[in-house]
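Working notes for the structure below.
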Amino acid sequence: MSKDLNDFIRSRIRADLDEGDLSDGIVTRFPPEPNGFLHIGHAKSICLNFGVTEEFGGSTYLRFDDTNPRKESENFVESIKSDVRWLGFDWKDKLTFASDYFDQLYSYAEQLINDGKAYVCSLTTDEIRNTRGTLLEPGSDSPYRDRSSEENLSLFRDMKAGKCEEGEHVLRAKIDMSSPNMNMRDPVLYRVIHASHHRTGDDWCIYPMYDFTHCICDALEGITHSLCTLEFENHRPLYDWVLENIDINYHPPQIEFSRLGLEYAVMSKRVITELVNRGYVEGWDDPRLYTIAGLRRRGVPSESIRNFCRRIGISKQDNLVETEYLDFCVREELEQDAPRGMAVIDPLRVIITNFDEEDEVLTAAWHPKNPELGNRHLTFGREIYIERADFEEIPPKKYKRLSPGAIVRLRYAYIIRCDEVIKDGNGEVVEIRATYFPDSKSGADTSGLKPKGVIHFISAANSIAAEIRCYEHLFISKVPNGDRLENELNPESVRIYSGLIERALFESDAKSFQFERNGYFFRDESTSRLVFNRTVTLRDKWKPTT
RNA sequence: UGGGGUGUCGCCAAGUGGUAAGGCACCGGGUUUUGAUCCCGGCAUUCGCAGGUUCGAAUCCUGCCACCCCAGCCA
C-alpha cells in the first residue's frame, strides 16, 4: 500500500507542488449529486480525490451538488455520507452543499447581467433547442439577446421573486451562438423551478445550472485540482469562461480522467434507479448491484474496493475492467482473515452404516495459516450431509470426489467409501450409504488409504439450517444496454438454497466466512433470519476434461 | 461533413528520444487433508496503420484509420 502511485494527475500535482505556491497543500472535492446511491465508479473518484490529499497533504471537501430540487433528497445525502465513511474516508469539517452558495451565486449572476454578459431569454424550451443549431451548423441569436442590462436585471429579479412560471424565462450567458462547442452557445445559467429544496426549502424558485455553479463553488473553496470525468472536457471552456468573467480571485484548473467501465455493471444512476424502481432488484443495496451499499451487503470489504481502485489506475483511456480483477481484490483481503468453516449449500444425505455411536467431537482450525484465530469443534456421526455436487454416479476423468465404490476423505474427519446409492422414483439420488474407516482419522491416519480428494461435510447433529444466496451477474452481457433492461437481465442472477452450516459458524460473531471449497460468504444483516450472501467464489482450476 | 478526446499483451496500465515496468487473466511446475492459499517459471523483437527525421523513435514530424464525448431550462 506504500508503493507510490503514478498517473498523470499525480504527476501534475507533484509538478504543481514543486512550483511552490501550494504551501497549505492541495484541495480537492468529491461533488456528488444527492439523487441516488454511490456506486463503484464513484468509489474511483472518491479514492482519487481523498487519496491525493492523504498522499500529498491537504484537504478534500465532500460537496453535495444540489442544484436540482426536483431530483434530490435528504435520504440520498445520508446514504452518500455513510458510504464515503464506510469506504474509509474522512471529510473532517469540509462538508458543504452547492446550496450553501446560492446567495453568492446569485450575486455573480447579477454581476454578469450588469456587465452585459448574461441576459434573460424568454424563448420556450423548444425554441431554445431549435435555435441552438446542430453539431454542423451554428445556432442563431435569441431575439432577447440584446435586452438592456436594466431590463435583464428587472426580469431576473422577477424570476427570483416568484413572479414567473417555470419555462417563462431563463438566464443565459452571452457567449457565441456559432461556437463549435455546443456548451458555449449561450448556455442557460439559471432556470425557474417551483419546488422545495431539501435544504433551502422554498427560499428560492430559481436554481443555478451545473456549469455556473460548479466552477464558482470550486473557486470559493479554493480547490487546487478540480478532478472530473472525461465527459466534462467539453465543459471546461465554459468553466473557464464563467470564472474569467466574474469578479473572483481564484481559478482552479479542471482536470479530466476517464470514468470506470466495469463488465456486467451499469454505472448510470438513471439506469440503476430504474432497476430499483421497476423492482428488478431488491433495492439500492441489492448484492447484485455494484453500488457501494450492494457491495457492502454482499460482503466486499472496503479495503478491497480501495485496492481495486488503486490497481486500475487513473488515465484518460476508455476502459472496461474485467470483473475478475475486482474478484481478485476481494479474495485477496478475505483470504487473510476470514474464518473457515463448512457449509453444505445443496445437501445430500449420507448414512455411515458402520458408525452407531454418539457423534464424535473433532477439532479444526478456524484458519489454516492464521493460528491466532484459534480452533472450533465439529462432529462426525452416523448421519451426515455432503454437497450434492461432490457425488457423481459416473465420475468424469480426474474426478477427486465421491462416486460408487470410491473413497474420499471428509475434511477433518475420516475416509469413507460409497457402498450404495439410493434413488427416488424419478431416479434422483436421495441418499448414499457409506462405510468409514476408523483408523483413518484426520491427523492420526494409520489406514494407509490414499483417497484422491477431500470433501466437506456436516454431521446432522452439528448442523444449523441457513438460507444461502449465490449470486451471478445481474446482466447477460458484459456491456448491458440500459435502454433495454428487460432483455439484459440474467434470470439466474440469484439462486437461493436451503443449506446447512456448522454450529460453530452460527455461534461465531464474525461476519465474513470462507465456506470451505465453496467461497466467501457474508451474513446478511438486512434480515433477522439466518441468511448468507456469497461474496465471491473461490478460484477453481478444476474443469472436467470430458 | 463541426468541435473536444483516446489509441502500448485477452483486461487494466507504466513509459515523455536510448533500445517495452507492474497487476489481473492465462499456461506450465512445486507444496497442500480447501481442485483454495502459497511458491517458482512462462507470457508484447513490439507500442492503431503508413511514411519521414535521427546513430537510435512507443516517445519527434506528416498523412491516414478506429473508437469515445457534445445539440437537457440534468449533473
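Quick note on labels: first sequence line is chain A, next is B, and so on, each numbered from 1. Given the structure is predicted, the values throughout are model-derived calculations rather than measurements.
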Kindly say whether, by distance alone, the side chain of A:Asn234 makes a donor-acceptor pair under 3.5 Å with the base of B:G5?
no
Carboxylate-amine/guanidinium contact A:Glu387 A:Arg517, below 4.0 Å:
no
Would you mind calling B:G72 syn or anti? Take O4'-C1'-N9-C4 for purines or O4'-C1'-N1-C2 for pyrimidines, and syn is within 90° of 0.
syn
Determine the contact category for A:Met209: base if any of its heavy atoms lies under 4.0 Å from a base atom, sugar-phosphate if only primed atoms, P, OP1 or OP2 are that close, otherwise nothing.
sugar-phosphate
Going by modelled atom types, is there a donor-acceptor pair between the base of B:G2 and the side chain of A:Glu137 at under 3.5 Å?
no
Parallel, tilted or perpendicular: which describes the rings of A:Tyr210 and A:Phe232, with under 30° parallel and over 60° perpendicular?
tilted
A:His169: ring-ring contact (aromatic ring centres under 6.0 Å, His included) partners, not counting sequence neighbours
none
Ion pair present between A:Glu256 and A:Arg236, side-chain N to carboxylate O less than 4.0 angstrom?
yes
Hey, does A:Thr124 reach any base, or is it just sugar-phosphate, or nothing, if we go heavy atoms under 4.0 Å?
base
Name the closest nucleotide to the A:Asn6 side chain, picking from B:G35, B:U34, B:G15.
B:G15
OP1 or OP2 of B:G72 versus the side-chain N and O atoms of A:Arg132: is any pair under 4.0 Å?
yes
Can you check whether A:Gln317 has a side-chain N or O nearer than 4.0 Å to OP1 or OP2 of B:A13?
yes
Reckon A:Gly443 touches a base, only the sugar-phosphate, or nothing at all at heavy-atom distances under 4.0 Å?
base
Quick one: label A:Lys369 by what it contacts on the DNA or RNA (base, sugar-phosphate, nothing), any heavy atom closer than 4.0 Å.
base
What contact category does A:Arg409 fall into here, base, sugar-phosphate, or nothing, at under 4.0 angstrom with non-hydrogen atoms?
base
Measure the distance between the ring centre of A:Tyr210 and the centre of the six-membered base ring of B:A75, then answer whether it is under 5.5 Å with planes under 30°.
no
Whole-Å distance between B:A75 P and A:His39 NE2?
17 Å
Let me know the distance between CD of A:Glu387 and P of B:U34, rounded to the nearest Å.
17 Å
Base, sugar-phosphate, or nothing for A:Phe232, non-hydrogen atoms under 4.0 angstrom?
base
How would you label the contact of A:Leu320 with the nucleic acid (heavy atoms, under 4.0 Å): base, sugar-phosphate, or nothing?
sugar-phosphate
Counting any heavy atom closer than 4.0 Å, what does A:Arg517 reach on the DNA or RNA strands: base, sugar-phosphate only, or nothing?
base
How is A:Leu135 classified with respect to the nucleic acid when contacts are heavy atoms under 4.0 Å: base, sugar-phosphate, or nothing?
base
So, are A:Arg157 and A:Glu110 salt-bridged, with charged N and O less than 4.0 Å apart?
yes
Can you see if the side chain of A:Arg191 gets near the phosphate of B:C74 - specifically, an N or O under 4.0 Å from OP1 or OP2?
yes
Once you measure the plane-to-plane angle for A:Phe515 and A:Phe513, does it fall in the parallel (<30°), tilted (30-60°) or perpendicular (>60°) bin?
parallel
Taking donor-acceptor contacts at under 3.5 Å, does the side chain of A:Arg129 reach the base of B:G72?
no
B:C24, B:U33, B:U37: which one has an atom nearest the side-chain heavy atoms of A:Glu335?
B:U37
In whole Å, what separates the C1' atom of B:G18 from that of B:U37?
42 Å
Tell me what A:Thr134 touches on the nucleic acid: a base, only sugar-phosphate, or nothing, going by heavy atoms under 4.0 Å.
base
Looking at A:Asn68 and B:C74, is any side-chain donor or acceptor paired with a base atom of the opposite kind under 3.5 Å?
no
Using a heavy-atom cut-off of under 4.0 Å over every strand shown, decide if A:His235 touches base, sugar-phosphate, or nothing.
base
